[in-house]
S.K.: 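Once you've had a glance at the structure underneath, I'll fire off some questions.
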Amino acid sequence: MNKGRVDQIIEKHHGEASSLIQVLLEIQSEHHWLPKEALDRISEKLQVPLTRILYIATFYKAFSLVPKGRHEVHVCVGTACHVRGAPRILDTVQDLTGIKPGETDADLKFSLETVNCLGCCALGPVLEVNGKTYGNMGPSKTAEVLKNYE
Amino acid sequence: MSEIILQIDGKEVKAKEGMTVLEAAQSAGISIPTLCHHEKLEPYGGCRLCIVEVEVRGWTQLVVSCVYLAAKNLIVRTRSEKVDRIRKMILELLLAHAPDAFELQDLAKEYGADKDRFEKESSFCIHCGLCVRYCAEVKKKNAVGFVDRGTRKEISFIPGIASKECWNCKECFPLCPTEALQAAFVLTKALISSPPSSELVSVGIGKD
Ligand code: SF4
Ligand code: FES
Ligand code: FES
């Protein structure tokens, strides 16, 4: 992510310290992670100590301090999805992508996370890719879905 | 108007408006145990050890004295069966993280806390925030902060700042109720994992 773009985002929020989380969220969604240079820049521009920024960036799961894949896969392992077969979905995703929850593959294609209930249990087991929800998943359907992402 | 009279442990105590119950007690020579309180720092209310019983219009409440403001006619009890039981529990939980901390051990004796009650999970840090807040509020350097949350929360030094500021300061070390081990350890780690930008690393924090 180039410095200019970071500055633009900061500018958009008038460089106000109270917009810290908004700025972080925007960089995260555009860039998929928060590089150190960006955090240094934010610290300087918003006049917020780096310690505070890191506290927030590590507090919320929405932020990542390491590179993430282009596609974020969330497998629901909440109770309802679990009893409906979430472990098999998770296994399938792991086999196809070669990564475990919390990891990102070497080509930065996929990142995998587990979540504890996406709030649509009736659709379980649920898989979410880039915020799009896929319900009633089975292993072969999972493979079909993942094929659509390049 | 700005003078408040309250009762602490049966003793009449004068306090100024805006004073906390803890400050009022201390000014009258009544001691309340604390771990995260420091007179140079903003009240934090992190450790909950300073909990006391207060009575307002016949209602008894448990409050944290380092953040609770003194008020007119307040009746405060700094020790009671309930207060002691809570302090004992807090100490037992903290001792699972920092079993060798002298300060905790002394308090444990006083409150009959068993340091082996809970399974050891020695993380050393008890999240009092003294080092973090001192660095931010007094030194204004923000070299050390908290990262992560819940049981994984820990202190972390910013290597770029620490390598410049910490060697000549280290004032946070003696503040730590777990005997400064934690800050020294984390600081060393932060400096070693980042390429040395000063002689700090080769001098070796923690050798002394
Ligand atoms: S390292 Fe020590 S002083 Fe710092 S927060 Fe942890 S227990 Fe408190
Ligand atoms: S448990 Fe998966 S959506 Fe609720
Ligand atoms: S001293 Fe009051 S909560 Fe720690």
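In the text below, chain A, chain B and the rest are named by the order of the sequence lines, each starting its count at 1.
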S.K.: For Ala136(B), which atoms come within 4.5 Å of any heavy atom of chain A: side chain, backbone, both, or neither?
M.R.: neither
S.K.: No hydrogens needed, just list the donor-acceptor pairs between chain B and chain A under 3.5 Å.
M.R.:
unit_1: Asp148(B); atom_1: N; unit_2: Thr58(A); atom_2: OG1; d: 2.7
unit_1: Arg149(B); atom_1: NE; unit_2: Phe59(A); atom_2: O; d: 2.9
unit_1: Lys153(B); atom_1: NZ; unit_2: Tyr55(A); atom_2: OH; d: 3.4

S.K.: Are the side chain of Arg48(B) and the backbone N or O of Val64(B) linked by a donor-acceptor pair below 3.5 Å?
M.R.: no
S.K.: Would Glu55(B) and Arg77(B) pass as an ion pair if we require N to O under 4.0 Å?
M.R.: yes
S.K.: Is it true that a side-chain atom of Gln61(B) and a backbone atom of Val54(B) form a donor plus acceptor pair closer than 3.5 Å?
M.R.: no
S.K.: Can you measure from CD1 (Ile53(A)) to CG (Leu34(A)) and round to the nearest 0.5 angstrom?
M.R.: 10.0 Å
S.K.: Could you point out which residue of Leu130(B), Thr178(B), Leu107(B) forms a side-chain contact (heavy atoms from CB on, under 4.5 Å) with Leu35(B)?
M.R.: Leu107(B)
S.K.: Could you tell me which residues satisfy side chain to side chain contact (heavy atoms under 4.5 Å, CB included) with Phe102(B), sequence neighbours excluded, listed by chain and number?
M.R.: Gln105(B), Glu179(B)
S.K.: So which part of Val144(B) gets closer than 4.5 Å to some heavy atom of chain A, the side chain, the backbone, both or neither?
M.R.: backbone
S.K.: I'd like to check Leu146(A) versus Val73(A) (side-chain heavy atoms, cut-off strictly below 4.5 Å). Are they in contact?
M.R.: yes
